[in-house]
Amino acid sequence: MRRITIAIDGYSSTGKSTIAKQIAKELGYVYVDSGAMYRAVTLYALRSNYIKDKQLDVDDLISDLNKINLKFIFNKNLGYAEIYLNGVNVERDIRTMEVSENVSRVSETPEIRRQLVHEQQKMNKQGGIVMDGRDIGTVVFPQAELKLFMTASSEIRARRRFQELIEQDQNVTYDDVLNNVLERDYIDSNRNDSPLIQAKDAVIFDNSTLTLEQQYKKIMDLVKAKLGSQNAGDKID
Ligand code: DC
């Protein structure tokens, strides 16, 4: 059976990665969390002291790009791939508030985007991939057969994210998380290079009201429709 490319974009904390992992597992596809790559570069910049008081020294970071090696390695126990920065698993270290508060500065830098987009494109071997992020359906895989765009109210997203951070024993308040969600929405949507926009051919999911189960079912129906039509040689636009 032909394997398709599935691009999932949307605002932060809309549950993109949870649904993307589930879909990839069901289909036996590779799942790639492109946000983890921007987060890992941010972690590198923080550890190198290239970010102070939210100010990024762009030139220093760019001149180090060839020293930043990112790799996803599949974790059999978890059922998905984890990100490694220069050979070290940083999956947990990249999810802190400190990284969240600084990642937008890194991800608005065109040189960094160019390099990461190139690496993301190389991961796609003729389909069989689910990638989530902000520019997957518009820039990374504009040819993706299925594009989804996830959204939800900022309060619902902040509440979910706050819960996750509390479960990881991180010392944060709900207001900090909400402010971070709003700030990232603004920067992600207004940056010059590859802003977060909905691809023309994306299907929108507002998961403020949909449960994970409902989303999963709707997405699998879309996947089946695409696969069915492709096997029959048609094209759904
Ligand atoms: O998906 P996430 O929240 O973990 O992503 C972290 C940040 O990385 C997000 O605020 C914007 C940026 N990002 C991006 O610019 N392009 C992508 N394809 C993925 C993430």
Side-chain angles (χ1 to χ4, degrees), residues 5-21 31-46 51 54 56 58 61 68 70 72 80-83 85 90-124 129-142 144 147-152 154 156-158 160-162 164-165 168 170 172 176-199 202 207:
T5 298
I6 304 177
I8 306 185
D9 289 303
Y11 292 96
S12 61
S13 306
T14 41
K16 297 187 295 290
S17 64
T18 308
I19 200 78
K21 276 179 201 152
Y31 162 64
V32 179
D33 172 1
S34 69
M37 300 171 74
Y38 290 93
R39 286 176 178 273
V41 174
T42 306
L43 183 67
Y44 178 93
L46 284 164
I51 303 179
K54 288 204 177 179
L56 168 68
V58 177
L61 182 57
I68 304 177
L70 301 178
F72 284 97
Y80 58 85
E82 295 179 294
I83 192 157
L85 167 63
V90 290
E91 192 62 37
R92 196 183 153 84
D93 299 350
I94 60 168
R95 312 275 168 203
T96 61
M97 270 300 278
E98 190 186 20
V99 171
S100 297
E101 280 170 0
N102 290 288
V103 65
S104 296
R105 295 283 159 237
V106 170
S107 59
E108 70 184 357
T109 307
E111 289 82 352
I112 293 166
R113 300 204 70 81
R114 211 175 308 135
Q115 164 125 349
L116 296 190
V117 166
H118 178 66
E119 289 179 22
Q120 289 152 8
Q121 288 171 334
K122 279 198 307 195
M123 292 177 201
N124 193 352
I129 189 167
V130 182
M131 191 177 287
D132 72 9
R134 303 294 188 286
D135 60 343
I136 310 305
T138 49
V139 176
V140 181
F141 303 136
K147 299 181 187 177
L148 308 173
F149 190 88
M150 316 286 279
T151 176
S154 42
I156 285 185
R157 291 184 284 130
R160 279 191 200 138
R161 187 86 191 107
F162 175 62
E164 279 170 21
L165 292 169
Q168 293 166 13
Q170 295 204 34
V172 286
D176 289 343
V177 178
L178 178 62
N179 288 336
N180 177 249
V181 161
L182 293 172
E183 188 186 353
R184 282 203 288 147
D185 282 359
Y186 183 82
I187 301 177
D188 291 348
S189 309
N190 291 285
R191 66 179 174 227
N192 288 326
D193 188 344
S194 323
L196 170 63
I197 43 167
Q198 197 190 309
N207 63 26

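Since the structure is predicted, the reported quantities are computational estimates derived from the model, not experimental observations. In listed order, ligands and their atoms are each counted from 1.
Side-chain contact, Gln115 with Glu111: no donor N or O sits under 3.5 Å from an acceptor N or O. Remark: the Thr5 side chain and the Asn124 side chain contain an N/O donor-acceptor pair separated by less than 3.5 Å.
Phe72 places a side-chain heavy atom less than 4.5 Å from the side chain of Met37. Looking at Arg113 and Tyr38, their side chains come closer than 4.5 Å, going by heavy atoms from C-beta outward.
The distance from the CG atom of Asn180 to the CG atom of Asn102 is 9.5 Å, given to the nearest 0.5 Å.
For Arg39 (side chain) and Val103 (main-chain N/O), no donor-acceptor pair under 3.5 Å exists by modelled atom type.
For a heavy-atom separation below 4.0 Å, the residues in contact with ligand 1 are Ser34, Gly35, Tyr38, Arg39, Val103, Ser107, Arg113, Gly133, Arg134, Asp135, Ile136, Arg184, Asp188, Arg191.
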